[in-house]
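Have a look at the structure below, then the notes.
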Amino acid sequence: MLCDPTIPIDNDFVNGISFYTVSMKLQWTFTLICLVCEITLGKDGYTFTFNGTQHIWIRLSSYPPTTSSVNYRSDDNISIRFSSYRRDGLLLFMGSTVNDQFLKVEIGDDKIKLVISFGGVSQINSFVSGSDASDMEWHSVKIERRGKIVYLYFDNAKVQEGTLDPGMDTNFRFDTIAVGQIPLGWWAGRALTHRETPPSSFVGTMQTLEVNQFDCLNIAANPWLIDGNGDQLEAINVTATRSDPDALANYGNPITFITKRSYISFPKLTAYAGLRIKFQFRTTEKNGLIVYHGGKGSDFLALELFNGELNYWYDTGSGKKVIISKARSGTGLDDNQWHDVIITRDKSLLNQLIVDGETEVRQDERSISGKDLNLRGSVYIGGVSYDLFEEDSLAIKVQSRVGFQGCLNSLDLNGQSPRLLSGTTKHPNEIIEGCAGPKTLCKSGTCKHGGKCLQSWDKVKCDCNMTSY
């Protein structure tokens with residue numbers, strides 16, 4: 001078959017006639033004969049978003065490669081371009097199924113962390129550099145390895161140069177590329193000989209990921225492509241979301257509920273076949289209603305902050321139930337940091353509340369009457385009218401008596417990602433684009449004479465009850 005000229009082909013193999021064989025898990029193997037003309041990949045490339053449960057996994061041939069191939073060489077060149085709000089998350093993992101060598105690039109405590117291991121605890125080398133890697137701006141990471149010398153660049157500035165441990169074989173071999181998450185089977189199967197804990201999952205957007213001129217995002221978007229130097233792609237698994245311009249814009253454009261009385265409404269959700277709501281939030285307020293959707297009879301669902309934790313309430317006609325997020329050591333979810341939230345309900349009546357990758361579940365019984373969630377009216381984001389807060393029907397459903405105050409981002413309603421300000425707004429002048437955070441923060445010395453500083457979204461105040469002032 002001839003190449004479709006609308007399909008982008010990498011410049012590295014646009015020299016005459018090439019043969020690419022891909023062993024696909026579709027019950028057959030096919031050979032693609034491609035007559036290549038002047039076809040090039042657009043400069044913008046491909047963009048993927050990751051929600052903390054998604055990944056791109058690529059498996060290359062484990063047959064003994066040559067030292068000039070992508071996955072076995074004494075020098076490496078890696079380029080990554082990403083945007084994220086989470087302070088921790090895996091950007092890239094390269095490992096082997098035949099030895100304990102690995103290379104890992106991750107966001108760690110808002111910095112870029114590079115770990116290289118040539119096998120065994122004694123041969124781990126770590127490099128940390130950069131700052132503000134989780135500020136939702138676009139950042140670039142570049143890694144150059146020349147034998148034992150490693151150069152690490154962040155946003156085009158060389159921030160660290162290091163030398164690997166002497167005496168080791170500098171030929172690095174890998175056959176597994178993981179983006180966003182590491183396959184748990186790989187990690188457990190190595191018995192953690194390198195004593196590295198599994199990294200957090202990546203939440204954000206990625207626009208460039210190249211390993212020794214192997215374009216991983218191009219392969220993820222077009223899995224039939226094979227890199228031009230002859231390495232064989234054995235398998236690929238992609239759950240990350242290919243981003244269109246609107247999805248990317250929604251990810252990078254949060255909004256702020258300035259007051260607790262403003263809210264947004266969207267058309268009714270259908271929850272018979274299942275329910276999935278995703279978003280990110282940031283606040284310093286301990287209480288506030290974030291999502292509410294009424295229904296027929298007593299049916300409803302609601303998600304609220306109460307005392308710094310999330311409560312997911314729902315009723316399918318057999319009495320209200322609640323799932324509460326796991327308690328956090330030392331701080332609640334009102335810590336002025338971004339948090340990732342997913343609530344789901346599937347056909348098996350399994351309900352989940354996932355907060356920053358931590359999952360709480362509740363399984364409903366099939367024998368109960370009213371097992372379907374029969375929703376009516378609109379879904380409200382950020383709160384409801386004060387009149388509804390005062391009604392007994394809502395007062396017995398949730399504990400919040402005010403709306404949400406803070407920042408919200410990346411809303412997904414059953415697979416639809418509307419721009420947040422495209423809904424019907426109440427008090428629209430009190431909802432703005434962007435998230436600048438609180439104007440004033442509690443700091444050391446904010447309160448004098450031993451007073452306790454109390455943080456809220458729009459102000460701080462001092463509690464002097466336990467002082468003589």
Side-chain angles (χ1 to χ4, degrees), residues 83-89 106-113 126-137 139 154-155 157 159-160 197 199-200 203-204 254-262 279-288 290 304-311 324-341 355-358 382 399-409 430-469:
S83 172
S84 179
Y85 71 87
R86 181 175 284 183
R87 295 173 62 86
D88 302 277
E106 62 181 321
I107 307 171
D109 195 24
D110 204 26
K111 299 179 175 63
I112 298 300
K113 181 180 180 183
S126 297
F127 306 86
V128 179
S129 65
S131 61
D132 299 323
S134 57
D135 59 0
M136 296 185 68
E137 298 293 335
H139 296 287
F154 182 69
D155 288 343
V159 290
Q160 191 164 6
T197 57
S200 301
V203 176
I255 65 169
T256 302
F257 293 89
I258 299 176
T259 70
K260 298 179 181 180
R261 68 174 188 166
S262 55
F279 60 91
Q280 289 95 40
F281 78 94
R282 173 185 171 194
T283 188
T284 57
E285 297 292 327
K286 291 186 176 295
N287 303 300
I290 303 176
E304 65 174 344
L305 264 176
F306 186 71
N307 288 333
E309 297 297 335
L310 281 173
N311 293 348
I324 302 175
S325 60
K326 289 184 177 180
R328 298 159 56 86
S329 176
T331 182
L333 297 170
D334 55 324
D335 57 358
N336 201 28
Q337 299 295 320
W338 282 103
H339 297 286
D340 189 53
V341 180
V355 181
D356 296 335
E358 296 287 337
Q399 301 182 79
S400 297
R401 296 296 175 264
V402 293
F404 172 75
Q405 189 176 22
C407 298
L408 210 65
N409 190 25
E430 298 170 10
I431 305 174
I432 61 172
E433 290 187 307
C435 179
K439 294 181 179 179
T440 307
L441 293 173
C442 285
K443 300 177 182 178
S444 176
T446 297
C447 297
K448 307 296 183 182
H449 311 297
K452 181 180 179 181
C453 185
L454 303 178
Q455 179 74 60
S456 62
W457 188 255
D458 49 8
K459 62 183 178 181
V460 298
K461 62 180 181 179
C462 296
D463 181 2
C464 299
N465 287 333
M466 302 301 292
T467 72
S468 58
Y469 291 85

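When atom types are taken as modelled, the side chain of Q455 and the backbone of C442 share a donor-acceptor pair closer than 3.5 angstrom. Judged by distance alone, the side chain of N287 and the main-chain N or O of N307 form a donor-acceptor pair under 3.5 Å. Although no hydrogens or angles enter the test, the distance criterion places a donor-acceptor pair under 3.5 Å between the side chain of D110 and the main chain of A133. Of the possible donor and acceptor atoms, one in the side chain of T256 sits under 3.5 Å from a partner among the backbone N and O of G434.
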Evaluate the side-chain hydrogen bond (donor to acceptor under 3.5 Å, both in side chains) criterion for residues S262 and E430: first the C-alpha distance (whole Å), next the side-chain angles of each, then the deciding distance (0.1 Å), finally the verdict.
CA-CA 6 Å; S262 55; E430 298 170 10; 4.7 Å; no
Worked check of side chain to side chain contact (heavy atoms under 4.5 Å, CB included) between L305 and I290:
CA-CA 7 Å; L305 264 176; I290 303 176; 4.3 Å; yes
Start with the C-alpha distance between C435 and W338, add both sets of side-chain angles, then the distance that settles side chain to side chain contact (heavy atoms under 4.5 Å, CB included), and finish with yes or no.
CA-CA 11 Å; C435 179; W338 282 103; 3.9 Å; yes
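With values rounded to the nearest 0.5 angstrom, R282 atom CZ is found 13.0 Å from L408 atom CG. S131 contributes atom OG, which lies 10.0 Å from atom CD1 of I112 (distance to the nearest 0.5 angstrom). Residue C453 holds its SG atom at 10.5 Å from NZ of K443, rounded to the nearest 0.5 Å. Summarising the geometry, atom OG1 belonging to T259 is positioned 12.0 Å from atom CZ belonging to F404; distances are rounded to the nearest 0.5 Å. One distance of note links OG1 of T284 with CG of L454; it measures 11.5 Å at 0.5 Å rounding. Atom-to-atom distance recorded for W457:CH2 and E285:CD is 9.0 Å, nearest 0.5 angstrom.
Taken together, the cysteine pair C447 and C462 places its SG atoms within less than 2.5 Å of each other.
A heavy-atom distance below 4.5 Å is found between the side chains of D356 and D340. Put simply, the side chain of E137 does not reach to within 4.5 Å of the side chain of D132, judged on heavy atoms.
Closest non-hydrogen pair, S325 versus L333, comes out as OG-CD1, 4.0 Å. Looking at every heavy atom in both residues, P438 comes nearest to S456 through CB-O, 4.4 Å.
For the side-chain hydrogen bond (donor to acceptor under 3.5 Å, both in side chains) test, no residue two or more places apart in sequence or in another chain qualifies with T446. In this structure, the side-chain hydrogen bond (donor to acceptor under 3.5 Å, both in side chains) partners of K286, at least two apart in sequence or on a different chain, are D334.
Note: F281 and H339 have tilted aromatic rings, judged against thresholds of 30 and 60 degrees for the angle between ring planes.
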